[in-house]
Amino acid sequence: MKRLLAILFFLNLGTQVFGQSFSLSAYKPVADGKTDDTPAFQRLFTAVAKAGGGTVTIPVGNYFLKGDVSIPVSSNTTVSAYGARFFLPKVLGDQARIVAFSGADIQNFSWFGGYFEGYCFDHRNPPNTWEPNVTTRMILITTTAKGKTDNLLFRDIQSSKIAGAVVTVLGLHREGSESEVVNFATNVTVENCTLLESGKFMWDYGLLWQILVWPEDYTPADIAMAKKYFRNDVIRSGVSMADGTTEVRVANTQRTIPVSQQDSPAQTVCFYGDKLPANILRGRKYYVVNSAADHLQVSETFGGKPIAFSGSAGPETKLIYNLQSAFFGLYAPLGAGPGKGCIDLVACKNTRITGCKISALGDAMHIHSSHNNVFSNNQILGARMGAFFLAEYCKNSTITGNTVDGTNGSRIVSIERSNEDVTVIGNTFRNGGRGSWINQPKNLLIQGNVFINNTTKCEQDPWHGRRSFHTGEWESYPEIYFTTWQAGGKYGPVILKDNIFETGPQAKAAIEFLPNGYDVIVEGNMFKGTTGKILVGDQTEIAVGQNRGATVEKAKPGTRIGNN
């Protein structure tokens with residue numbers, strides 16, 4: 001009778017049942033949540049592999065996994081872990097790495113249930129026992145050049161504060177390329193999972209930089225944290241500027257700061273730490289126009305004239321060189337491991353994520369260079385960085401029926417680098433930080449969505465808001481904006497239809513199209529809140545009609561959106 005019930009149970013789950021049955025209890029786990037049960041799991045899954053697969057039961061219990069070795073999983077396996085709780089070490093130091101369960105070229109594999117608990121770093125909720133660069137991934141499936149990863153199902157998994165993806169499936173890219181896929185993982189489904197405050201920890205763009213440059217807005221503990229985790233190699237002390245001169249006096253023989261060769265954050269400096277000349281703004285970027293062994297000359301514009309200082313700098317003045325590293329590069333802690341989001345699917349084909357509830361102390365989820373993607377009826381409760389993250393080079397993606405609350409994260413929606421054939425229909429996007437970023441798409445439909453106050457990073461608040469290194473002032477974003485990434489790149493066709501945009505108090509605009517859009521239609525939308533501006537860049541072919549509350553303006557040439 002019990003065997004019949006078990007068969008009916010697995011058939012009801014809609015997955016294949018494999019011949020031999022295994023139970024972890026036969027391999028003598030301690031199951032006290034303190035003693036390392038990794039050896040018992042290894043014995044179990046080794047036996048499953050030798051049998052060519054099977055149905056595996058992990059009974060109700062508390063299982064501690066030390067994480068020094070990964071537990072191998074194999075094809076033709078169905079795992080039932082309902083009621084099982086997996087605990088990771090409470091203390092993990094610098095650059096610690098854990099992969100709990102892993103396999104390569106896995107086919108016909110299902111995992112049901114189980115709860116994973118970690119201690120992901122969160123500087124807003126001390127004390128922390130894990131370092132920010134700890135990376136822990138719970139189930140990792142990879143693909144080799146000649147192997148095959150196919151028919152994977154993950155359902156009813158739960159987690160809390162895992163510092164890495166709970167579910168990771170990776171196809172294989174050509175070495176050195178993020179766009180060329182050598183071998184896709186296929187038919188990957190993630191259903192009804194509740195993954196909270198999981199995914200790799202991220203600082204958010206500019207946080208540590210902002211704390212150091214405007215320390216008066218933060219506590220001594222915040223400042224000490226920023227000093228510990230910032231890229232201190234980009235800081236130069238012993239900086240002086242004298243009234244009426246043009247020379248920034250600084251030792252410049254080691255790690256030489258060169259003349260800026262292009263208009264790039266990587267080749268700019270900013271000043272902070274003490275009183276500055278009246279015509280130098282704290283935190284603002286400046287270009288290096290002359291570089292010598294003992295001094296620099298700087299300009300407000302690329303290749304411009306050296307600034308003559310109005311007043312002198314104080315003795316504790318410092319500079320930061322390479323604002324790309326200081327602001328953008330430190331979104332992830334130094335030494336952090338690979339992967340993003342609590343669900344991380346890369347180079348996959350035929351993916352489906354549905355009915356999940358997720359939140360993260362970094363990016364909430366991550367789909368990269370994957371084809372035929374469905375992300376539907378999910379709830380994203382918050383993310384410190386990107387909330388919905390359809391990354392580079394995806395094709396044929398449908399995003400529908402989701403509720404996404406960015407809760408002051410970075411971009412509420414990212415559809416990055418050359419996504420093709422994307423529909424975004426019937427979703428609600430609320431409380432994101434830097435709007436929605438759409439980067440050089442082809443064939444994009446955004447229809448029937450609700451966008452509410454997704455520019456909270458523009459708030460003039462030291463924790464919620466973020467300052468811009470371009471100006472030293474608070475950032476400025478539209479609710480949704482379109483850009484290109486390639487020189488001479490174009491985007492389109494794009495249709496924005498029947499959406500509601502309720503802009504927040506600091507929004508720059510409702511929509512901004514940077515140059516080189518074509519076949520763009522904006523029709524039947526409703527604009528509420530503080531602004532209904534639609535800003536249109538040069539060489540953008542756009543048709544605008546019947547948008548209640550909208551005004552159309554030409555975008556200023558050379559405009560930047562926030563930090564792009």
Side-chain angles (χ1 to χ4, degrees), residues 10 13-22 24 38 41-58 65 67 69-81 84 86 97-114 116 136-157 159 162 164-173 181-193 195 338-339 341-353 356 365-373:
F10 282 111
L13 291 175
T15 188
Q16 186 173 353
V17 177
F18 300 102
Q20 192 168 343
S21 296
F22 299 84
L24 178 66
T38 302
F41 280 96
Q42 287 183 305
R43 292 192 295 270
L44 165 66
F45 282 98
T46 297
V48 174
K50 287 181 178 179
T55 58
V56 176
T57 299
I58 302 174
L65 302 178
V69 295
S70 182
I71 299 161
V73 298
S74 55
S75 297
N76 305 319
T77 301
T78 298
V79 178
S80 174
F86 302 93
R97 303 284 184 266
I98 287 176
V99 175
F101 297 87
S102 65
D105 302 327
I106 302 299
Q107 301 176 56
N108 305 319
F109 178 86
S110 301
W111 184 297
F112 299 98
F116 296 92
T136 60
R137 294 185 285 180
M138 297 301 94
I139 304 173
L140 170 63
I141 307 298
T142 60
T143 307
T144 64
K146 296 183 179 180
K148 185 175 182 180
T149 297
D150 180 64
N151 191 24
L152 308 181
L153 172 61
F154 306 91
R155 184 185 290 171
D156 299 335
I157 300 171
S159 71
I162 296 301
V166 178
V167 174
T168 302
V169 180
L170 307 178
L172 184 66
H173 281 108
V181 177
V182 173
N183 195 359
F184 282 98
T186 54
N187 301 314
V188 181
T189 301
V190 184
E191 293 180 340
N192 302 324
C193 294
L195 313 174
C342 51
I343 300 168
D344 187 13
L345 307 182
V346 179
C348 296
K349 188 178 289 186
N350 306 332
T351 76
R352 188 165 70 99
I353 301 174
C356 294
M365 46 71 65
H366 183 236
I367 302 175
H368 188 294
S369 56
S370 294
H371 298 181
N372 308 336
N373 308 297

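What you are looking at is a predicted structure, and each value in this text was computed from that prediction instead of being measured. Side-chain atoms are counted along with the backbone in the values below, which use heavy atoms only and exclude waters and symmetry mates.
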| task | Measure up the Trp111 and Phe116 rings against each other and bin them: parallel (under 30°), tilted (30 to 60°), perpendicular (over 60°). | result | tilted
| note | Across all chains, not counting sequence neighbours, the side chain to side chain donor-acceptor pair (under 3.5 Å) partners of Thr144 are Asp105
| Residues Phe154, Val169; criterion side chain to side chain contact (heavy atoms under 4.5 Å, CB included); working and verdict | CA-CA 11 Å; Phe154 306 91; Val169 180; 4.0 Å; yes
| request: Check whether any side-chain heavy atom of Val190 sits under 4.5 Å from a side-chain heavy atom of Cys356, and report yes or no. | output: yes
| task | Search all heavy atoms of Thr77 against all heavy atoms of Gly53 and return the closest pair with its distance. | result | OG1-CA, 3.7 Å
| If we only count heavy atoms from C-beta on, is the Asn108 to Ser75 side-chain gap below 4.5 Å? | no
| Distance in Å, Leu44 CG paired with Ile58 CD1, rounded so as to fall on 0.5 Å steps | 6.5 Å
| said: I'd like to check the side chain to side chain donor-acceptor pair (under 3.5 Å) partners of Thr38; sequence neighbours left out, ordered by chain and number. | reply: Asp36
| field | From Ser110 atom OG to Leu152 atom CG, the distance as rounded to the nearest 0.5 Å | value | 8.0 Å
Identify every side-chain donor-acceptor pair in residues 136-143 under 3.5 Å, counting partners at least two apart or on other chains, and give the distances.
unit_1, atom_1, unit_2, atom_2, d
Thr136, OG1, Ala163, N, 3.0
Thr143, OG1, Thr149, OG1, 2.8
Thr143, OG1, Leu170, O, 2.8

| field | For Asn372, all residues meeting side chain to side chain contact (heavy atoms under 4.5 Å, CB included), sequence neighbours excluded | value | Lys349, Asn350, Asn396
| task | Determine the minimum heavy-atom distance between Leu65 and Ala100, stating which atoms define it. | result | CD1-CB, 4.3 Å
| request: Decide whether Asn187 and Asn151 meet the rule of one side-chain donor and one side-chain acceptor closer than 3.5 Å. | output: no
| Which residues satisfy the side chain to side chain donor-acceptor pair (under 3.5 Å) test with Thr189, sequence neighbours excluded? | none
| request: Would you name the heavy atoms of Thr168 and Ala165 that are closest together and state the gap between them? | output: OG1-CB, 3.1 Å
| field | Side chain proximity check, Leu195 to Met365, heavy atoms < 4.5 angstrom | value | no
| message | Please tell me whether Thr57 and Ser80 have a donor and an acceptor in their side chains that are separated by less than 3.5 angstrom. | response | no
| field | Qualifying residues under side chain to side chain contact (heavy atoms under 4.5 Å, CB included), relative to Lys148, sequence neighbours excluded | value | Gln107, Asp150
| said: Quick one, Ile353 and Ile367 - any side-chain contact, counting heavy atoms below 4.5 Å? | reply: yes
| said: Test of understanding: with side chain to side chain donor-acceptor pair (under 3.5 Å), list the residues that count as partners of Arg352, not counting sequence neighbours. | reply: Glu191
| What pair of heavy atoms forms the shortest contact from Gly113 to Ile157, and how long is it? | O-CG1, 3.7 Å
| Taking only residues two or more places apart in sequence, or in another chain, which ones meet Phe41 in a ring-ring contact (aromatic ring centres under 6.0 Å, His included)? | Tyr63, Phe86, Phe101
| Those residues that, when tested against Phe184, pass ring-ring contact (aromatic ring centres under 6.0 Å, His included) (two or more places apart) | His371
